[in-house]
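Input: a single structure, listed below in structure tokens.
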Amino acid sequence: MNPVIYVPQSKRLLEQLCEVLRYKHYSLKTEQAYCYWVRFFVRWCGRVGPMRHPRDMGAAEVTQFLTMLANERRVSVSTHNQALSALLFLYRDVLGIDLPWLAEVQRPTRPRRIPSVLTKAEVAALLGTMEGETALLGKLLYGTGMRLMEGLRLRVKDVDFDRQVLVVRQAKGGKDRVVMLPKSLQEALKAQMARARAVWSHDRVVGTAGVEVPDALAVKYPDLGCRWGWFWVFPSPRLSVDPRSEVERRHHLYEERLQRAIKLASAAARIAKPVSVHTLRHSFATHLLQAGTDIRTVQELLGHSDVSTTMIYTHVLKVAAGGTASPLDALMAA
């Protein structure tokens, strides 16, 4: 039995794409990425002639476009896969075209790479050069293993000082999970929440719209976004316009703020390894395993669906440990 295809009501192609993406509850970042690739695909195919609707194009155009990305633009495997996913979504879910060639389009194989992991001394040096909110957020990500957006989207109601846990809501794959709240961060986190409370109180006085709440909760509970429990632990210092509802409201701290702080701190600490915000998550998992934590526990803390994903850190341990002696050492000692 074939699944029922949602029929968009809009007339313009990109509006139809956005409509179906929102109907299927895709994230805003995915919506922006898919719109970019569909627009790029249509314009690239029309570079030597009149613009054509994707309905009038097919396997040849898609293959040529993907080949151009790989050979001329030399995009990464993940970028190549994202472009392909956007086009497959366009044809199958928006245009309702299920042609045989769609199933034959091959995805590039993503190489399995060992993630960059910092030593405990490097983590201490990195976090020691950071200040303010970004320092607290960096420590929180390393101390809990949360992803960047999971930390930024942390709400007041999900911080439980009594049980010393944080509840991560709607993480990757729409799943919730519970992580530990580091004891060493409790006082700093309480101080941060006091600063957030002052921002929330100011917003209530001036009548700012409440923060964004998931799904249709804002319809069922109109004042939910104005309640203290739903406010961000790390609110943005400025108001911004919601790109979907076009309502000016308080967003959480912008992700690039921490990303820039991590890059500057890495340079200041003279760390030669490639360092990003996600490196803190990799270091969290590796250091837990080094301390003897069961891999299943690490899997739950990271929110991995499959333990094979967590197993990559056992390879990191092998590299870090250097347990196998080189034959050169025995030769030189003789």
Side-chain angles (χ1 to χ4, degrees), residues 29 115-161 164-169 171 179-203 208 211-212 228-240 249-288 290-291 301-302:
K29 286 185 176 294
S116 176
V117 172
L118 303 179
T119 64
K120 293 181 181 179
E122 288 172 334
V123 172
L126 178 76
L127 298 178
T129 59
M130 300 173 66
E131 298 178 347
E133 282 183 323
T134 53
L136 175 58
L137 188 52
K139 291 175 182 176
L140 194 63
L141 296 185
Y142 170 68
T144 61
M146 290 191 295
R147 300 177 179 90
L148 171 58
M149 295 309 297
E150 293 171 353
L152 293 176
R153 290 171 179 162
L154 189 65
R155 298 181 192 262
V156 172
K157 67 181 181 64
D158 296 324
V159 180
D160 191 336
F161 288 106
Q164 297 182 355
V165 297
L166 303 175
V167 182
V168 181
R169 304 285 186 184
V179 298
M180 74 282 276
L181 171 57
K183 295 180 180 179
S184 58
L185 294 182
Q186 287 198 33
E187 294 306 317
L189 197 55
K190 288 179 180 178
Q192 172 61 30
M193 291 175 69
R195 290 189 290 268
R197 177 91 184 191
V199 176
W200 172 80
S201 299
H202 175 267
D203 286 352
T208 303
V211 297
E212 180 190 8
W228 164 238
W230 284 83
F231 199 66
W232 311 113
V233 174
F234 296 96
S236 171
R238 298 182 181 86
L239 300 178
S240 58
R249 64 171 87 246
R250 182 79 58 181
H251 201 50
H252 54 67
L253 207 63
Y254 192 47
E255 54 262 37
E256 283 193 2
R257 184 168 176 179
L258 180 61
Q259 291 168 341
R260 287 194 297 266
I262 290 288
K263 292 297 182 183
L264 292 174
S266 174
R270 297 183 178 180
I271 299 175
K273 300 174 184 175
V275 180
S276 67
V277 177
H278 213 65
T279 305
L280 296 175
R281 177 174 163 90
H282 294 321
S283 303
F284 163 84
T286 304
H287 295 167
L288 278 183
Q290 282 178 329
L301 290 171
L302 294 176

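Between G145 and R281, the shortest heavy-atom contact is O-NH1, 2.6 Å. Closest approach of Q186 to F161, counting heavy atoms only: O-CE2, 3.7 Å. Nearest approach of S116 to P274, heavy atoms of both residues: OG-O, 2.9 Å. The minimum heavy-atom distance linking L154 with L140 is given by the pair CD2-CD2, 4.1 Å. Of all the heavy atoms in S283 and L118, the pair that sits closest is OG-N, 3.1 Å. Looking at every heavy atom in both residues, A171 comes nearest to E150 through CB-OE2, 3.1 Å.
Using a 4.5 Å heavy-atom threshold, the side chains of Q192 and L137 count as separate. Under the 4.5 Å side-chain criterion, counting only non-hydrogen atoms from C-beta, L126 is in contact with L280. Side chains of T144 and P182 form a contact here, defined as non-hydrogen atoms less than 4.5 Å apart. For the pair T279/P115, no side-chain contact is recorded, criterion being any heavy-atom separation below 4.5 Å from C-beta on. Using a 4.5 Å heavy-atom threshold, the side chains of E122 and K273 count as touching. Residues L181 and V165 fail the side-chain proximity criterion, which asks for heavy atoms closer than 4.5 Å. Using a 4.5 Å heavy-atom cutoff, the side chains of Y142 and H287 are in contact. Taking the side chain as every heavy atom from C-beta outward, K263 and R260 never approach each other to under 4.5 Å.
Remark: R153 fails to qualify as a cation-pi partner of W232 under the 6.0 Å distance and 45° angle criteria applied to the six-membered ring.
The CG atom of L166 sits 9.5 Å away from atom CG of L185, with the distance rounded to the nearest 0.5 Å. From L141, atom CG reaches atom CD1 of I262 across 7.5 Å, with rounding to the nearest 0.5 Å. The distance from atom CG of L152 to atom CZ of R257, rounded to the nearest 0.5 Å, is 10.5 Å. Rounding to the nearest 0.5 angstrom, the gap separating the CH2 atom in W200 from the CE atom in M193 is 12.0 Å.
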Before giving the answer on side chain to side chain contact (heavy atoms under 4.5 Å, CB included), spell out for R147 and H278 the whole-Å C-alpha distance, their side-chain angles and the decisive distance to 0.1 Å.
-> CA-CA 7 Å; R147 300 177 179 90; H278 213 65; 4.2 Å; yes
Tell me, with the steps shown, if T119 and Q290 meet side chain to side chain contact (heavy atoms under 4.5 Å, CB included).
-> CA-CA 11 Å; T119 64; Q290 282 178 329; over 6 Å; no
Trace of the side chain to side chain contact (heavy atoms under 4.5 Å, CB included) decision for V179 with V168 | CA-CA 7 Å; V179 298; V168 181; 4.1 Å; yes
Candidate pair H252 and F234, rule side chain to side chain contact (heavy atoms under 4.5 Å, CB included), full reasoning | CA-CA 6 Å; H252 54 67; F234 296 96; 5.6 Å; no
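A salt bridge (Lys or Arg N to Asp or Glu O under 4.0 Å) with D203 holds for exactly one of R249, R250, R197, R238; it is R250.
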